[in-house]
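To keep things clear, I will list the structure first and then write my remarks on it.
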Amino acid sequence: MRIVVGEGSCGIAAGAEKVRQALLKKDLNGASLTIAGCIGMCYLEPIVDIYDDEDSEVKRLVRVSEKDADAISTYTKTGDIGAIEHLLVSDDDKSFLEKQTRIALRRCGIINPEDLDEFVQADGYSALKKAVCEMTPEEVIEVIKTSGLAGRGGAGFPTWFKWNAARQSEGDEKYLICNADEGDPGAFMDRAVIESDPHNLIEGMLIGAYAIGAKNAVVYVRAEYPLAIKRLEKAIKDATEKGYLGDNIFGTDFSCNMTIKAGAGAFVCGEETALIESLEGHRGMPRLKPPFPAQSGYWRKPSNINNVETFANVSWIINNGGEAFAAMGTQDSKGTKVFAVTGKVKRSGLVEIPMGKTLRDVIFDIGGGMKTDKPFKAVQMGGPSGGCIPADLIDTVIDYKALGATGAIMGSGGMVVMDESTCMVGMAKFFLDFTAKESCGKCIHCRVGTTRMLEILTRITDGEGKDGDVELLEELCYGIKDGALCGLGQTAPNPVLTTIKYFKDEYIAHINEKKCPAGECSRLVEYSVVEDKCKGCTLCARNCPVNAISGTVKEPHIIDTEKCIKCGKCMDNCRFGAIIRR
């Protein structure tokens, strides 16, 4: 019997490490105890999987706590399923994984990310051996071309084209770089892959390095990912000791070394030339193009950059053929895509589906729909560079072309689900605040333009909007898109443009009526007590952090609107529906 505790960052944050420590102190009747990364069911963490020697079906235990260690111990000794029955994942939640097609995530949450032998037993490094021992670099590139694999970092540029351009560039010294600087709010796909299956990233990068003729590979990962860095460092060390990295890999002439660069976490470093500047020790600011990195990149040498998810698909494609990958998806968007589904959705976590599925499939079929009783309102796709897609476009197909037509983008895979309690003007303001702070400041359109837009949005949400603000926002948006130097500035207006396009009535209500229809903008809401409903229980007054509520026991209370900070705690604690928000 084998007991596996899911210890990705999400699992550890929920208490998985404490669960494992509790299990270590128990009699497990000889069962081995190990770890895995994130299976993707983040909403059910901590997760413990039990593999019985005689039973091929894994017993998945969810929301496990330290006190459940006794029940698990009892099961290992008696085999009585009743001991752990209350922890077993429901059939409904099983569908979260069953409805996915996992390629990049195929080993995540299954193998121990710190055990090279487990990776090899799960077909690890077989694709690398096939590539370097049986294929020419040109043949590798042709397979990637056949697959239709496009960059999963957001732009969707054909991977084979970038590899081929770097391959054909002159020079003996070339670099392969992995962009693991995942910066979108709400996105955690790349982190999960590195934490859960680091050797898969290494294998994909080595195949890419072989294809372009690079002897050095670099992973640029943000320093805020300490667990990912720790596990990747161990994976690189173990792979080097076993000969999968370093000189004369598999006894061939192909040699490649790999290093890690921990970045400071600048969103602009998602732009490849800004990332290269940071790698070289400079401030992360984009370069003018051309020349492109394939001709002059890291240290002015031919370089290729792809993100983590792109490389995570490569070994599967080499082993299964480009045609198998291309058979999934749509005509213009091949294969699968990983999404980090967050927000007001019941089942938040990592979802990998073939291109061509709809937003409804992900949010309602896999994600389980709204966490609250409030209706679905919109979904933010593509992070700060993306846009908000409204409820009436819920059947939009997930591919680069269809999402682009809505004004949003695929992006790296962030998917933030919103219900009717979300203010769309506030949402646009949130993302503009992010991009204005993350602008590198090199070009005036982005540096000044995003700041002016943020000022206008702040004024609107504070109830100080003026006639013409919406038109001014649109004018600024198009000016920034046309004039900004890099992708950060060129896409920063997207959240504003899409919210104006689909939710203009909310902007008008904020400006003309000084009201927030969603009741989220604190400056525009007011709390009051309905006298005939108030029982005088004093619960609201006892929970008010600023003592803005007064009244005697069993008599209607009063809210002092001058003192009220509009935190909503009175409404949250009222059991009689006596407090309303206007």
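No experiment lies behind these values; they were computed from the predicted model shown.
Counting only residues at least two apart or in different chains, side chain to side chain donor-acceptor pair (under 3.5 Å) contacts with residues 472-486 comprise Lys481-Asn494. Pairs passing the ring-ring contact (aromatic ring centres under 6.0 Å, His included) check and including a residue from residues 346-391, sequence neighbours excluded, read Phe364-Phe376.
If you take CZ on Arg222 and CZ on Phe267, they are separated by 9.0 Å, rounding to the nearest 0.5 Å. Between atom CZ of residue Phe157 and atom CG of residue Asn306 there is a gap of 11.0 Å, rounded to the nearest 0.5 Å. Between the CD1 atom in Ile305 and the CG atom in Leu275 there is a gap of 5.0 Å [rounded to 0.5 Å]. In this structure, CG on Leu227 lies 11.0 Å from CG on Leu232, to the nearest 0.5 angstrom. For the atom pair NZ of Lys429 and CG of Leu457, the computed distance is 8.5 Å after rounding to the nearest 0.5 Å.
A salt bridge links Asp433 with Lys437: the distance from a Lys NZ or Arg NE/NH1/NH2 to an Asp or Glu carboxylate oxygen falls below 4.0 Å. Under a 4.0 Å N-O distance rule, the pair Asp91/Lys94 qualifies as a salt bridge. Salt bridge annotation for Asp92-Arg347: present, with a cationic side-chain nitrogen under 4.0 angstrom from a carboxylate oxygen. Between Asp419 and Lys374 there is no salt bridge, since none of the side-chain N atoms of the basic residue sits less than 4.0 Å from a carboxylate O of the acidic one.
Taking both residues in full, the closest heavy atoms of Ala180 and Val308 are given as CB-CG2, 3.6 Å, listed atom of the first, atom of the second, then distance. Residues Cys42 and Leu350 come closest through the heavy atom pair SG-N, 4.5 Å. Among all heavy-atom pairs drawn from Arg102 and Gln100, the shortest one is NH1-OE1, 3.2 Å. In this structure, Ala548 and Lys563 approach most closely via the heavy-atom pair CB-CB, 3.6 Å. Between Asp197 and Cys108, the shortest heavy-atom distance links the atoms CB-SG, 4.1 Å. Taking both residues in full, the closest heavy atoms of Glu277 and Arg287 are given as OE2-NE, 2.6 Å, listed atom of the first, atom of the second, then distance.
Judged by distance alone, with hydrogens and angles left aside, the side-chain atoms of Ser278 form no donor-acceptor pair with the main-chain N or O of Ala274 at under 3.5 Å. No donor-acceptor distance shorter than 3.5 angstrom exists from the side chain of Ser439 to the backbone of Thr435, with no hydrogens or angles considered. In this structure, the side chain of Glu182 engages the main chain of Arg191 through a donor-acceptor pair within 3.5 Å. For Arg575 (side chain) and Asn573 (main-chain N/O), no donor-acceptor pair under 3.5 Å exists by modelled atom type. Remark: the backbone N or O of Thr358 is paired with a side-chain donor or acceptor of Asp361 at under 3.5 angstrom. Looking only at distances, a side-chain donor or acceptor of Arg283 sits under 3.5 Å from a matching main-chain atom of Cys440. Between the side chain of Glu45 and the backbone N or O of Cys10 there is no donor-acceptor pair closer than 3.5 Å. Side-chain atoms of Ser196 come within 3.5 Å of backbone atoms of Cys38 as a donor-acceptor pair (strictly under, hydrogens ignored).
Between Val5 and the choices Arg20, Glu17, Gln21, the side chain to side chain contact (heavy atoms under 4.5 Å, CB included) rule is met once, by Arg20.
Among residues two or more places apart in sequence or in another chain, the side-chain hydrogen bond (donor to acceptor under 3.5 Å, both in side chains) test is passed with Asn179 by none. Listed by chain and number, the residues in a salt bridge (charged side-chain N to carboxylate O under 4.0 Å, His left out) with Arg60 are Asp49 (sequence neighbours excluded). Applying the salt bridge (charged side-chain N to carboxylate O under 4.0 Å, His left out) rule to Glu455 yields the partners Arg452; only residues at least two apart in sequence or on another chain are considered. For the side-chain contact (heavy atoms from CB on, under 4.5 Å) test, no residue two or more places apart in sequence or in another chain qualifies with Pro226. By the salt bridge (charged side-chain N to carboxylate O under 4.0 Å, His left out) test, Arg231 is found to be paired with Glu114, residues two or more places apart in sequence or in another chain being considered. Qualifying side-chain contact (heavy atoms from CB on, under 4.5 Å) partners for Cys477, counting only residues two or more places apart in sequence or in other chains: Met453, Pro493, Val496, Leu497.
Counting heavy atoms from C-beta on, the side chains of Val193 and Val338 never come closer than 4.5 Å. The shortest distance between side-chain heavy atoms of Val48 and Leu87 does not fall below 4.5 Å.
Within 6.0 Å of the NZ atom in Lys442, the count of heavy atoms belonging to other residues, nucleotides or ligands exceeds 12. For Lys18, the NZ atom counts as loosely surrounded, since its 6.0 Å shell holds 12 or fewer non-hydrogen atoms of other residues, nucleotides or ligands. Asp467 CG: 12 or fewer foreign heavy atoms inside a 6.0 Å radius. Around the CD1 atom of Ile580, the shell of radius 6.0 Å holds more than 12 heavy atoms that belong to other residues, nucleotides or ligands. Counting heavy-atom neighbours within 6.0 Å of Ile558 CD1, excluding the residue itself, gives a total of 12 or less.
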Solution key, residues 398-412 side-chain donor-acceptor pairs under 3.5 Å, sequence neighbours excluded:
residue	atom	partner	partner atom	Å
Asp399	OD1	Lys401	N	3.3
Asp399	OD1	Ala402	N	2.7
Asp399	OD2	Thr330	OG1	3.3
Tyr400	OH	Gly151	O	3.3
Thr406	OG1	Leu403	O	2.6
Thr406	OG1	Ala408	N	3.2
Ser412	OG	Asp184	OD2	3.3

Under 3.5 Å, sequence neighbours excluded: what are the donor-acceptor pairs made by side chains of residues 483-491?
residue	atom	partner	partner atom	Å
Gln490	NE2	Ala484	O	3.1
Gln490	NE2	Leu485	O	3.4
Thr491	OG1	Ser385	OG	3.0
Thr491	OG1	Gly487	O	2.6

Would you mind writing out the side-chain donor-acceptor pairs for residues 508-524 within the sub-3.5 Å range, not counting sequence neighbours?
residue	atom	partner	partner atom	Å
His510	ND1	Glu506	O	2.6
Lys514	NZ	Gly463	O	3.4
Lys514	NZ	Gly465	O	2.9
Lys514	NZ	Ile511	O	3.0
Glu520	OE1	Cys423	N	2.8

Listing, residues 61-69 side-chain donor-acceptor contacts under 3.5 Å, not counting sequence neighbours, or none:
residue	atom	partner	partner atom	Å
Ser65	OG	Asp68	OD2	3.2
Asp68	OD2	Ser65	N	2.9

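For the residue pair Thr336 / Glu352, a side-chain donor-acceptor distance below 3.5 Å is found, with atom types taken as modelled. With no hydrogens or angles considered, no side-chain donor-acceptor pair links Asp469 and Tyr507 at under 3.5 Å.
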